[in-house]
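For reference, the structure discussed in these notes is given below.
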Amino acid sequence: MNRLLRGLAILLCFGLAGVELLGARAEAQQRSFDHFMTGFPLTGSHYSVDCTSCHVNGRFKGTPRQCIGCHNGGIAPGQRGTHGPTTANCEACHTTATWVQVRFNHNQITGACAKCHNGAHARAKPPSHIDTAAPCESCHTNTFSFLAVRWDHSGITGSCASCHNGSKALGKSKSHIATSAPCETCHKSTASFAGARFDHPVGITNCASCHNGTTAPGKPTAHIATSAPCETCHKSTASFAGARFDHPVGITNCASCHNGTSAIGKSAKHIPTTAACETCHKSTTAFAGTPMNHTGITAACASCHNGTSAVGKSATHLPTVAACESCHKSTAAFTGAVMNHAGITAGCASCHNGTAARGKPATHIATTAACESCHKSTTAFTGAVMNHAGIT
């Protein structure tokens, strides 16, 4: 009996060794077989799959070539229950390397994105998405990325902040004017935030809280130096122009503002002077009507009284090159000037012609003689002595 059992054991060992040898030979033949010749090359994961997975019961002829022929849930895993609805062949999106990291080909897809992008088959709207019932394709026109979408604001007239809250869509910037008014109160364009016009409520004050140069335009560098509130001078909420400065009573140092930059300064034809503005200009509402203070001025009148800076010689003035102050002694009026005839001995009629100075009256003796023939006084016409020489 022992001998019989030993013999059977030896035969069994030889049998198993033979089977193993045959299996190894079959596998070697399988690996050496050029599957490319069948028209279905083994690539990716197909290369390591056992032959019997596709060639069931040793069947070679009629083996399916389309993925769905095997990947039908029977021979090999097929579409999951959560797979997106499609009639496209598996290979349109899946490769033989792996089922995962598949890239869907959106060619020919023109609508109904939400059938797949529903959170089960494919990624859907995130919680921060703008509230809308519009189809995805209304705004998302790119099938490669959800970004760069352009929202169509057609028909949107209010409640902008429900989306423009800084989460779903761009909201108010940090430098935005402090306000609780709805966006659409000032922003009229849905294409750009720029160009918004702020509606200033009647009686608004504390302008500088917004007009600080950051939130809204503030004082320019050339603005009059002042710490007064904007609304003290600026009465219009439509324009900064036309502001009227309220000059405090007794204000001095006018030139600190009236320098031609911060406020109107001396004109080009202003009387040349280094005196303070307030020396002559007593009105804070107009430059006109200013009386010149001639205190201490005794010479060089013509430097101002030249017809440009101040009234000069009239067209009927006596022809003279003498200084104004030679005859005009009053700084309040030109009238009452006394002509200084010193050194004048002839040519009286050149001035005493009835225009430049008083001439011969109508009752004067008819004569062509020079004035000085009879009139010896330069201070009065009376007392002239008639010279009868040559009269016969």
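How far OG1 of Thr284 is from CD1 of Ile251: 8.0 Å, rounded to the nearest 0.5 Å. Distance check: Cys136 SG to Asn118 CG gives 9.5 Å after rounding to the nearest 0.5 Å. Taking CZ from Phe381 and SG from Cys348, the interatomic distance works out to 8.5 Å, rounded to the nearest 0.5 Å. In this structure, Arg123 CZ and Cys116 SG are separated by 14.0 Å, a value rounded to the nearest 0.5 Å. Remark: Asn253 CG to Cys277 SG distance equals 8.5 Å, nearest 0.5 Å. In this structure, the separation between CG on Asp152 and OG on Ser138 is 8.0 Å, given to the nearest 0.5 Å.
Checked by atom type and distance alone, the side chain of Thr316 never pairs as donor or acceptor with a backbone atom of Ala356 at under 3.5 Å. One N or O on the side chain of His35 and one on the backbone of Phe40 form a donor-acceptor pair closer than 3.5 Å. Within the 3.5 Å criterion, the main-chain N or O of Ala384 finds no donor-acceptor partner in the side chain of His375. Looking at Lys266, its side chain does come within 3.5 Å of a backbone N or O of Thr273 through a donor-acceptor pair. For Lys235 (side chain) and Gly242 (main-chain N/O), no donor-acceptor pair under 3.5 Å exists by modelled atom type. At least one donor-acceptor pair closer than 3.5 Å links the side chain of His71 to the backbone N or O of Pro77. In this structure, the side chain of Lys269 does not engage the main chain of Ala310 through any donor-acceptor pair within 3.5 Å.
In plain terms, the two heavy atoms of Glu325 and Cys301 that are nearest each other are OE1-SG, 3.1 Å. In this structure, Thr320 and Lys313 approach most closely via the heavy-atom pair O-NZ, 3.1 Å. The minimum heavy-atom distance linking Cys183 with Ala161 is given by the pair SG-N, 4.0 Å. Taking each heavy atom of Ile177 and Cys210 in turn, the nearest pair found is CG2-SG, 3.4 Å. A pairwise comparison of heavy atoms in Lys125 and Thr132 identifies NZ-O, 3.0 Å as the closest pair. Scanning both residues, Ser236 and Ala238, for their nearest heavy atoms gives OG-N, 3.1 Å.
With a 4.5 Å cut-off on side-chain heavy atoms, Ser326 and Asn340 do not count as touching. Contact annotation: the side chain of Cys113 never approaches that of Pro135 to less than 4.5 Å [non-hydrogen atoms, C-beta and beyond]. Considering only heavy atoms from C-beta on, Gln79 stays 4.5 Å or farther from Asn72 through its side chain. Residues Phe198 and Thr185 have side chains not in contact (no heavy-atom distance under 4.5 Å, counting atoms from C-beta outward). Residues Thr157 and Glu184 fail the side-chain proximity criterion, which asks for heavy atoms closer than 4.5 Å. Using a 4.5 Å heavy-atom cutoff, the side chains of Thr190 and Trp151 are not in contact. Taking 4.5 Å as the limit, some side-chain heavy atom of His117 sits within range of a side-chain heavy atom of Phe146. Proximity of Thr285 to Arg244: side-chain heavy atoms (C-beta onward) are separated by under 4.5 Å at one or more points.
In this pair, His140 and His129 present their aromatic rings tilted. The plane angle is within the 30 to 60° band. Ring-plane geometry between Phe240 and His211 is classed as perpendicular, the angle between the planes exceeding 60 degrees on a 0 to 90 degree scale with a lower cut at 30. Classification of the Phe60-His55 ring pair by plane angle, with boundaries at 30° and 60°, yields tilted.
Between the side chains of His281 and Thr290, at least one donor N or O sits under 3.5 Å from an acceptor N or O. Counted by atom type alone, Ser167 and Asn165 present zero donor-acceptor pairs between their side chains at under 3.5 Å. Looking at Thr43 and Thr96, their side chains do bring a donor and an acceptor atom within 3.5 Å of each other.
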Is there a side chain to side chain contact (heavy atoms under 4.5 Å, CB included) between His176 and Thr179? Walk through the geometry before answering.
CA-CA 8 Å; His176 194 284; Thr179 178; 3.9 Å; yes
Which is it for Met292 and Ile297 under the side chain to side chain contact (heavy atoms under 4.5 Å, CB included) test, yes or no, and what are the steps along the way?
CA-CA 11 Å; Met292 169 65 182; Ile297 296 179; 3.7 Å; yes
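Taking hydrophobic clusters as Ile, Leu, Val, Met, Phe, Trp and Tyr residues chained together by side-chain heavy-atom distances below 4.5 Å, Ile224 does not share a cluster with Ile264.
The environment of NZ in Lys329 is crowded: more than 12 heavy-atom neighbours from other residues, nucleotides or ligands sit within 6.0 Å.
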